[in-house]
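Working notes, structure below.
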Amino acid sequence: MELFDILAPSGREQKMSEYIMKYAESYGYNCRNDVFGNLICEKGDSIKIAVECGMDNVSIMKTASGDNGEIKVAVPNSAEVKNLIGKKIRFLNGVTAIIRCDKKEEMTDFDLVADIGADSKDEAESIVPTGEFATVVCDEYETDKYLFGNDLASYIPVKILLETMKNAENTAFLFTAQKKFAGRGLNALFEGYDIETVVSVNTLAEKNGISCGKGAVVIVKEKNSVPSVSLRQELISFADEDVQLGATEETLFLDMPMISGKGALCGGVCVAVRGKGKPFESVAKSDIDSAVNVISNYLKRGM
Amino acid sequence: MLKILTETDGVSGNERAIAELISSYATPFCDECVIDNMSNVICRKKGKKGDKTVLLCAHTDEVGFIINKITDDGYLKFETVGGVETKILLSQKVRKGDIKGVISLKAVHLTDKDERDKIPEENDLYIDIGASSKSDALNYVEVGDYFAFDSDYIEQGNMIKAKALDDRVGCAIMLEMLKKEWDCNLICAFVTCEEVGHIGALTALENISADYAIILEGTTCNDMCGVPDEKRVTKSGGGIAVSVMDYGSVANPELVNILIKIAEENGINWQYKASVRGGNDARVVSVSKGGIKTASLSVPCKYIHSPVSVMNKNDFKSGIELVSKFLENAEEL
Amino acid sequence: MDTEMILKKLADECSVSGFESGMCETVKELMLPFCDNVKINRFNSVICHKKSENGNGKKVMIEAHLDQIGMIVTGIDEMGFVKFMSVGGIDKRILPCSEVYILGSEKVYGVIGSKPPHITENADKNKMPDIGELLIDTGYTKAELNEKISVGDSIVLKSDLVKLAGETVCSSALDNRAGITAVISAASQIEKTEYDMYYVFASEEELGLHGAYPVTREINPDYAVIVDVTHGMTDDTKSETGVFRLGCGAVVCKGPALNPDLSKRLTDIAKNNGIKFETEVVSGHSGTNAWAVQKSRGTCKTALVSVPLKYMHTAVETADISDINEVSRLVADAIKEGLENA
């Protein structure tokens, strides 16, 4: 699927933004980017609800070339470093690289090397200049019931929003830039965009009672917040199939819409991801449909 | 009755109030009811036939605290009386009569990670009664005073939560037995200081002879998911627990078999106490005067030795049934 | 208005962060006699408005956060034990052998159990258990519980208001019932004022000061006085700074994130009016709504006054009623005499 081929490292989401905008406009949405780079797609006059997700993936920046042609990179989010080992990444100029690391534990981005198939420093310099951004290559494939891919979790919320957009009316769809960067894009977005209610779409790991294939997950607690109880109850009751209820230690930034700008009520809908962070995460297709369903029903009947 | 028994305070060494309460309940039903120097309450009841004598024994004391120092700022340093884990003491309420106190350490915001993971030491802890200085505190307490957990009796579903279920539950069973008439002679010994070395029982036993003795106790129950069977000790709702052996004594096998047979014949729910850890007054009763045939029956209590011990009502009822049936048949054994 | 009475009324209600609606109603009822109108915003913050006498007064916000720490149900295991996660910074060391209420469709009582020493593995023996290892025992089976509670319900520590020696009181959630009481009491002392008064009780402070942001932006105050709690001195903090003996009065905070003129005005009023007070210093984030308010409205002059509280975030938080009274008197006098230096 085209979507999974797009590279959108945090801070360089243009290609993803363009792809979504083209798609949204074909469904009659008015689209624009704010100064920060967030994408706002609106349809209708009196919009009260927005559906939001992040459009970025991990950011990897080339910092230096090694003598043997391997290059060094920087990864701003230290939590993501160990998950990159062994993965295939691609720079925005098209160059592919493999990330390796000799250190077995407590590694930082200083310990990573990226192999681009060069054998000298000069060659490496000419292939990938310093400051160039890369992200993980998804290499998505599907089975009967599941989708597989590296860092698939970054794409799934976008896919959910794109599906939901097809039949929605009088709603805004917001695609956040730099969300993986401590949710910064969210802050910028809601400081500038006024809305009453937000449904934020994310993914969470398959654990603590949450399973793949058992339906969308409505969030009751995440690291930063307790999403609005009344909104949560509406999401659950308007759904026409079973949903799972999720309490997680992961950070989903559901507090950001409330503490930015004038403040918006925020609820969270997620799908479970198997092997989150590991090579080739997988997601149940039925969970994606379930999430689209839950959000669509809410849009028709909520608030 | 269990409510009043558990809500009355009687930390080991300070059992007078509970002794008087028990005596007031028991006296109308027995031939003789005596409170001795150690605050043991010994009740004797002649049987209709009176050839055999059964001794039932339960302890009246509970775990608690004794004040060993008052600081200049009016905080009370203490030692625990009986086996109380410091792990459970933070944020607990305690009392001495009407005087309330709390046990806590400084707020979590002022700690570092090591402090937060560490189990507190007894001598770091203190009781705060709200006094502003040592002289203010001396208006309310003095060194040597006893404090008990401040915990009320709550029933919900099949669950009863209270402090001191170990061993007011045993006392409650015995008070029920005193209400009826039996063929055999019955001695009910409500003894003190079990938690600190059985000294109450030792004193009481000086004047007691019996053919059979049953110790009635509350015992550990770790009936939770993830605990392997051999570590649960007893199951909540699994019935009255029959001990075979513990760190203090080996139960008399003849008596154990009789109890089990009676339970089976009468459809009384029972289980084995599946661990040998811990001990009770059987330790001293079984060796008294050349030996008394002794066994222990216990009601499973989760979170024992805490202010929130929990038991299943049905296990308590099974205990009452089994002891009753035993007493009915004791004369014929 | 009697401080103890207010505390008792507040103690009857539960308000875990995110679940404040019941407390909103209680506070609204208590505040109605002292203001012109009360509204509860979408985020469950309570906003009580009292118009100024002459109609063109500056806006003053007096704020105390409405919510308390607690827990949330995350699952029920096969044996009917309830799994949970914390909401706000609960001190995990206090949880073994504590009592709770689960607020489902019924209020269900429960006990957080503790594995006794003789079955704990040696490695765990010396460490306090993590929240993920703890379970709530209600005595009900899984089937019975499913009728009464569900995942996502809030859980509070059970702890009734108890009097200790002198004027000391103890219960869970004195953070921030002590602050709320001080504000309600202050409001009762203010009859007419030149200021456009907003008495605000913001939600979700314990989760990250959430309620304070939208409410500050909505009201746009010129001045804000936040009333919260600060750490009381205990036996094990005798030689530390930043802790205050119970009975020392109102604790006025100074620091870069607080307006120095307003802080000084408060301490001057306290001195002149014989109100007991102490000064606290915070070099950055005060951990209170004062930070959120100052951040959201740079033009608002913000101050922070606190009630000393021992054992914060446990079931036995302890405060002195006289300190609550000093705080309320200080706030009321400051409003009456004006927030600018003469």
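What's counted below: heavy atoms across the whole structure, side chains too, no hydrogens, waters or symmetry copies. Letters A, B, ... are given to chains in the order of the sequence lines, protein chains preceding strands, and every chain is numbered from 1. As the structure is a prediction and not an experimental result, all values here were calculated from the model.
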Let's test your reading of the structure: which of [options] forms the most heavy-atom pairs below 4.5 Å with chain A?
options                             : answer
C:Gly152, C:Gly88, C:Gly75          : C:Gly152
C:Lys295, C:Glu206, C:His210        : C:His210
C:Val151, C:Asn41, C:Thr74, C:Asn44 : C:Val151

Please check if any side-chain donor atom of [X] sits under 3.5 Å from a side-chain acceptor atom of [Y], or the reverse.
X        : Y        : result
A:Glu191 : A:Ser260 : no
C:Asp228 : C:Asn289 : no
A:Glu241 : A:Ser290 : yes
A:Asn57  : A:Ser154 : yes

**Item:** Part of C:Ser203 within contact of chain A (heavy atom distance under 4.5 Å)
**Value:**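 Looking at C:Ser203, just its side chain touches chain A.
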
**Item:** Heavy-atom proximity to chain A below 4.5 Å, by part of C:Glu204
**Value:**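 Side chain only.
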
**Heavy-atom contact with chain C under 4.5 Å, split by part of A:Gln244** =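 Looking at A:Gln244, nothing touches chain C.
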
**Item:** Ion pair check, A:Lys179 and A:Glu52, cut-off under 4.0 Å
**Value:**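 Salt bridge between A:Lys179 and A:Glu52, a charged N being under 4.0 Å from a carboxylate O: yes.
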
